[in-house]
Amino acid sequence: LFQADPAKPAAKRLRLSRNKKKTWRKLSRDVDNLLPEQTTAELIRRRSGGFFIDVGEPGQRRRQSRQQQQQAKVEGSGSSATSRILSGLRCHESLPSGAASAPVAESKRQKKFNSRPLDRLVKHAAAADQDKAAGPQTMDLWGSDPKPESSADTDIKDLVLHQMRCTRQAPVKRRFRTGTSSAPACPVPQPGASYNPSLADHEAMLAAATQSELVKESRAKRLHGQMERHFPGTAGAAAALAAANDKEMAAGLFESDSEGEGDDIVDKEVDDSTPSEPPPVAKSDQPAGRTSSKQNAEVRRQRAQAAELKRRKRQSVDLDRLTELSRQVGRSLAAGDRQRQARLAKRRERASGTKRLGRHRFEEPEAEFKLADELAPSLRQLRPEGDLFVDAVKSYQRRSMLEPRSRTAWRRKYPHKRYRKKGLEASADGEAK
Amino acid sequence: TSSAASLQAAPSKMTKMKKKFTRGEATTFISRKQALKRLQLSLNDFRRLCILKGVYPQEPVNRRRVNKGSSTPKVYYHLKDIQFLGHERVMQKLRDIKAHLKKAKRAKERGEMHTVDRLQRNFPAYTLDHIIRERYPAFEDAVRDLDDCLCLCFLFSRLPKERGVPVEQIRLSARLTVQFLHWVIAARALRKVFVSIKGYYFEADVNGVSVVWSVPHQLGLHDPADVDFKILRTFNDFYTTMLGFVNYRLYSSLGLAYPPALANEVDPSDYCQTGEAHEEFMASLNQPLLSRRGGEAEGNPAEPDDFPDEEAEGAEAASAARRKARAQQRLFNGCRFFLNRETPRQILCFVIRSCGGEVSWSPLSGPGSRYPESDQRVTHQIVDRPLGDSRLSGRAYVQPQWVFDCVNSGSLLPTGDFAPGLPPPPHLSPFAAYSADDADGGDEAAQLPYSATRSAPPDPVELRRPSAAAELEEEDDYEAEDAAKRETAAADAAQVGKQQKKQKKPSVVAEGTQRRTQDAKQAAAEERRLREMMLPKKHKQLYKKMVFSRKRQARESAQLAEKKQKRQRTA
């Protein structure tokens with residue numbers, strides 16, 4: 001693959017094994033300067049399919065023309081190390097013009113080779129360049145300094161126009177990861193939460209707080225009622241338990257308890273000799289056996305007849321009720337429309353509202369408030385309520401940036417086991433003996 | 001037989017069995033555990049990466065489909081998002097950090113302290129500039145996210161050292177927030193201030209976008225149990241980097257040098273060491289900044305252009321907003337303020353300077369004082385405690401709320417209402433939209449200052465509240481000090497109330513129409529009763545409850561209206 005330059009004398013091919021260090025040392029003396037260039041040159045040639053771009057002498061790197069800069073950009077060699085390496089290549093000069101420099105069709109094997117990542121050397125150099133910049137290379141991240149529209153921008157525009165011309169479609173917009181939630185990032189509290197609120201605002205805030213408390217109370221009450229209904233007596237289980245405990249502990253303390261004891265203990269004798277009768281089975285009106293097919297057919301015919309009569313009757317009635325019917329249809333269409341709107345609104349709300357992520361639901365935090373007697377007469381005497389850190393976390397959760405989490409107590413998965421070492425046991429026994 | 005033949009005839013037309021969960025939602029979402037396995041990251045590192053890259057968990061429409069039939073609650077991400085995360089440079093850095101920590105731990109356990117020192121010196125660090133560029137390709141995108149950024153940075157700047165957050169991070173947040181405040185002062189961008197029980201809420205106009213942020217009260221921080229500081233620190237890392245870039249852009253738009261430098265020489269000898277002088281004096285918010293070309297930055301920023309030919313709907317509101325903004329920018333021009341020690345100095349300095357005023361304070365309070373209390377040119381002195389007789393002439397003594405209310409209204413309010421010792425008028429929220437009715441003074445009892453209810457003779461209803469007695473006691477204290485002023489203030493308020501009293505229109509209804517309306521009412525009542533009887537049993541209870549609560553509300557509002565009328569009559 002290495003094409004000899006007719007101008008230069010052919011280098012002697014050294015047939016040495018490359019396994020040992022000694023042989024490498026011999027090689028390196030002769031082909032020291034040539035070898036790295038060759039390998040990278042080979043790689044570049046293979047990857048680019050035989051085409052090269054002359055980026056000039058290594059020393060001329062700084063005086064690159066605008067075109068060369070653009071080409072470098074197009075190539076994608078953004079870092080200086082890669083451009084330094086690539087710009088030092090002069091391999092294309094040693095290629096004779098003609099068939100050798102013509103592009104060679106990529107074989108499957110070549111394609112596979114080309115799709116592998118670049119030489120590790122080049123890759124590491126690029127990474128090192130990027131990492132070397134400890135601070136920002138420039139504070140001007142968005143290019144605030146006014147500069148004329150560079151040719152790079154016009155190139156991009158040309159590409160976009162070309163794409164639009166060919167595909168006859170607008171290019172797909174790049175979608176950035178923006179939050180879809182419409183909730184504000186810093187929710188301002190209600191006017192009643194001012195340190196010196198007006199009467200109406202303060203009362204409105206207290207009313208809202210009272211409402212939320214009432215809702216909580218009603219929920220607790222409903223839960224209590226449901227528990228009572230399904231498991232009577234357990235709703236007040238804690239209180240009942242305490243009462244039972246008190247009763248037990250106080251048993252026998254007072255004399256009046258022991259008097260009526262004997263009468264209460266009466267075992268009701270249960271008669272287990274004869275089994276209880278099962279309840280009588282309700283007789284159904286249907287005959288025991290299967291109805292004959294003739295009967296079924298008759299029933300079916302009658303039913304069909306009745307249905308037909310009904311339909312005809314209804315048709316005639318409907319003709320008279322056409323206007324009423326049209327109004328009904330209009331109403332049902334309107335209802336359907338309203339339902340559709342409601343569904344769309346619900347979908348939009350769902351999209352912009354808080355998403356259900358994970359195990360816990362997002363709970364709106366209770367609004368902080370101050371009662372009338374807690375209001376501060378002056379800013380100096382104000383005692384702040386609430387915590388802005390909690391606010392921040394809740395704001396992230398409301399916009400589905402964080403999922404709601406709850407602290408769990410750390411529990412041991414396996415309990416501690418206590419045992420005594422064998423040696424210690426023996427010695428203890430020995431001592432005891 | 002025919003069916004068998006047809007089956008034999010077309011075996012190729014039979015489709016393959018569709019396997020469940022191989023397409024659609026099941027393949028577009030990935031659970032968190034799967035993502036961790038895919039990226040080979042620990043949970044903490046994964047969370048950190050997600051926060052930095054802006055990858056958030058998603059909620060699939062149908063959880064069963066995604067979870068292959070089961071409905072256990074899991075946290076799901078878009079598969080494409082996780083694939084996108086996989087290309088991130090910072091991920092490799094996180095792995096390097098993990099390896100580094102492992103080495104350090106091993107060295108420490110072995111007692112190789114020189115290795116530990118070496119590892120600490122070479123701790124791998126990552127930069128987030130490329131992430132910011134990627135998430136906010138244009139400056140406007142960053143400005144839209146500035147709310148979050150400022151809120152968190154202000155919170156972190158107020159953290160005490162013992163919270164477990166590195167001191168450097170706290171100091172960096174403090175520096176950056178102070179820089180931003182300096183920009184707001186220079187650009188006169190402040191538009192709204194709201195002092196709530198939670199903290200201060202500000203709104204500024206940054207490049208046409210309203211940015212709202214909150215600042216906690218000086219003595220406000222509690223110890224929140226359910227706040228994960230690890231996560232907030234990651235957010236803060238990202239936001240501090242972003243704020244640095246945003247500040248640079250904002251400063252360069254005003255022609256100020258960045259990193260900011262003080263225009264004048266400062267003498268830190270009384271306050272701090274020379275190394276901290278820059279930070280301390282910047283934090284005082286009272287020093288002019290150096291412009292890019294050297295020399296002090298110019299005074300007023302460019303005023304917004306007037307485009308009169310806009311669509312009629314929004315034009316009026318927009319022009320009103322612009323006029324108000326311009327008024328706010330020159331609100332305190334020519335005013336000289338002096339802040340007493342008990343006032344929130346930094347906040348007041350920021351607000352006053354953002355509207356063109358000059359501020360100073362006692363040199364004992366902190367660095368940055370520019371003129372003493374005895375300076376003759378001082379026009380307003382901000383005090384927050386009952387004053388004795390030691391008052392200087394030629395200046396108005398006001399409470400801090402005067403400053404905030406002036407900014408919100410866009411004009412200088414009468415200082416008499418805010419005299420020290422006197423309960424000031426209510427501090428209304430500029431973020432809430434009060435209706436036009438309230439502005440005209442229609443609903444007066446509502447907008448009456450809370451203090452005025454105290455100065456009026458107490459109602460028997462109110463007296464039943466135990467707090468009312470305490471209020472009366474407080475009133476006595478104030479009366480002892482400033483009796484005359486309070487009375488005049490109350491009289492003023494009453495007079496204003498009288499002037500704005502709504503004229504009641506006499507209701508003129510003809511007799512015939514009256515009778516007709518009565519019949520119609522009766523018929524309606526009958527109709528209603530019939531419908532009530534037709535209610536099914538299970539709805540009746542609910543209906544009764546609703547009616548009861550509505551009646552109660554109506555009764556309460558009638559009581560309030562009665563109170564209002566009484567007060568109007570006495571006033």
Side-chain angles (χ1 to χ4, degrees), chain A residues 130 133-137 139-142 144-145 176-179 184-186 188-191 193-202 355-359 368-373 375 377-380 382-393 395-396 400-403 405-407, chain B residues 54-59 73-75 125 127 129 132-133 135 138-139 147-148 151-152 155 194-199 201 212-214 216-217 220 222 224 226-227 231 245 248-249 252-253 258 342 384-385 399-401 423-424 426-429 431-432 445-450 453 467 470 474:
Chain A
Q130 281 163 349
Q137 278 159 5
M139 287 299 291
D140 190 8
L141 200 70
W142 292 289
S144 63
D145 299 330
F176 300 109
R177 273 159 194 79
T178 50
C186 181
V188 185
Q190 46 193 328
S194 159
Y195 95 98
N196 180 16
S198 69
L199 178 66
D201 292 338
H202 190 240
K355 297 181 185 152
R356 175 76 196 276
L357 312 160
R359 197 180 296 271
E368 283 86 2
F369 59 91
K370 278 213 182 280
L371 297 172
D373 47 356
L375 284 174
S378 73
L379 190 57
R380 178 175 55 94
L382 171 69
R383 282 182 181 275
E385 288 273 340
D387 196 315
L388 287 177
F389 271 107
V390 173
D391 264 14
V393 172
S395 164
Y396 294 136
S400 317
M401 286 161 70
L402 289 177
E403 84 275 10
R405 290 160 74 192
S406 69
R407 276 195 186 278
Chain B
V55 164
Y56 307 127
Q58 307 293 333
E59 185 191 12
K74 282 189 191 175
V75 181
T127 54
D129 314 341
I132 293 172
R133 187 77 165 95
R135 275 178 79 172
F139 178 60
D147 291 6
D148 261 331
C151 283
L152 205 64
L155 280 175
F194 178 45
V195 184
S196 82
I197 52 181
K198 275 204 263 192
Y201 286 82
V212 178
W213 75 92
S214 58
H217 282 292
H222 304 171
D226 48 354
V227 167
I231 287 186
F245 288 117
Y248 173 86
R249 178 62 186 260
S252 54
S253 71
Y258 194 85
E342 67 273 3
D384 206 3
R385 60 176 169 190
Q399 292 188 32
Q401 198 190 308
H427 176 61
L428 304 173
S429 166
F431 294 97
Q447 291 313 320
L448 259 182
Y450 207 75
T453 61
S467 50
E474 278 180 305

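Lettering of chains follows the sequences in order, A, B, ..., and the numbering in each one begins at 1. This structure is a prediction, so every number in the text was calculated from the model and none was measured. Both backbone and side-chain heavy atoms feed into the values below; hydrogens, waters and symmetry mates do not.
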Original post:
Which answer fits B:Ala138, side chain, backbone, both or neither, if we ask what part of it has an atom under 4.5 Å from a heavy atom of chain A?
Top reply: backbone
Subject >> Residues which pass ring pair (Phe, Tyr, Trp, His ring centres under 6.0 Å) with A:Tyr195, listed by chain and number, not counting sequence neighbours >> reply: none
Subject >> Whether A:Arg356 side chain and B:Glu59 backbone form a donor-acceptor pair below 3.5 Å >> reply: no
Subject >> B:Ala432 to A:Pro191 - nearest heavy-atom pair and separation >> reply: CB-CG, 3.4 Å
Subject >> Atom group of B:Phe139 that falls short of 4.5 Å from chain A, counting heavy atoms >> reply: both
Subject >> Residue, of B:Asp148, B:Val75, B:Asp147, that accumulates the most heavy atom pairs under 4.5 Å with chain A >> reply: B:Asp148
Subject >> Heavy-atom check, side chain of A:Pro189 versus side chain of B:Tyr201, under 4.5 Å >> reply: yes
Original post:
Hey, which of A:Ala193, A:Ser395, A:Gly358 has the most heavy atom pairs under 4.5 Å with chain B?
Top reply: A:Ala193
**OP:** Side chain from CB out, backbone as N, CA, C, O: work out which of these in A:Leu379 comes under 4.5 Å of a heavy atom of chain B, or both, or neither.
**Re:** both
Subject >> CD-CG distance between B:Gln58 and A:Leu357, expressed to the nearest 0.5 angstrom >> reply: 8.0 Å
Subject >> Side-chain touch B:Pro424/A:Asn196, heavy atoms, less than 4.5 angstrom >> reply: yes
**OP:** Sequence neighbours left out, what passes ring pair (Phe, Tyr, Trp, His ring centres under 6.0 Å) with A:Tyr396? Give chain and number order.
**Re:** B:Phe235
Original post:
So which of B:Val212, B:Leu152, B:Val195 has the largest heavy-atom pair count under 4.5 angstrom toward chain A?
Top reply: B:Val195
Original post:
Rounded to the nearest 0.5 Å, how far apart are CG of A:Leu388 and NZ of B:Lys198?
Top reply: 7.0 Å
Original post:
Which atoms form the tightest heavy-atom contact between A:Met139 and B:Phe245, and what is the distance?
Top reply: O-CD2, 3.3 Å
**OP:** Examine distances only and state if a side-chain atom of A:Ser194 and a backbone atom of B:His427 form a donor-acceptor pair shorter than 3.5 Å.
**Re:** yes
Subject >> Proximal component of B:Pro57, with respect to chain A [non-hydrogen, under 4.5 Å] >> reply: both
Original post:
Where do B:His217 and A:Pro384 come nearest, in terms of heavy atoms and distance?
Top reply: CB-CG, 3.7 Å
Original post:
Which distance, rounded to the nearest 0.5 Å, do you find between the CG of A:Asp140 and the OG of B:Ser252?
Top reply: 6.5 Å
**OP:** Name the option with the most non-hydrogen atom pairs under 4.5 Å to chain B; the candidates are A:Gln190, A:Arg359, A:Glu403.
**Re:** A:Glu403
Subject >> Minimum heavy-atom distance A:Trp142-B:Ile132, with the two atoms named >> reply: CZ2-CG2, 4.2 Å
**OP:** Against chain B, label A:Val393 side chain, backbone, both or neither, depending on which of its atoms sit under 4.5 Å from a heavy atom there.
**Re:** side chain
**OP:** Pick one of side chain, backbone, both or neither for A:Leu402, based on which atoms fall under 4.5 Å of a heavy atom in chain B.
**Re:** side chain
**OP:** Report yes or no: does A:Arg380 contribute a side-chain atom to a donor-acceptor pair with the main-chain N or O of B:Glu342 at less than 3.5 Å?
**Re:** no
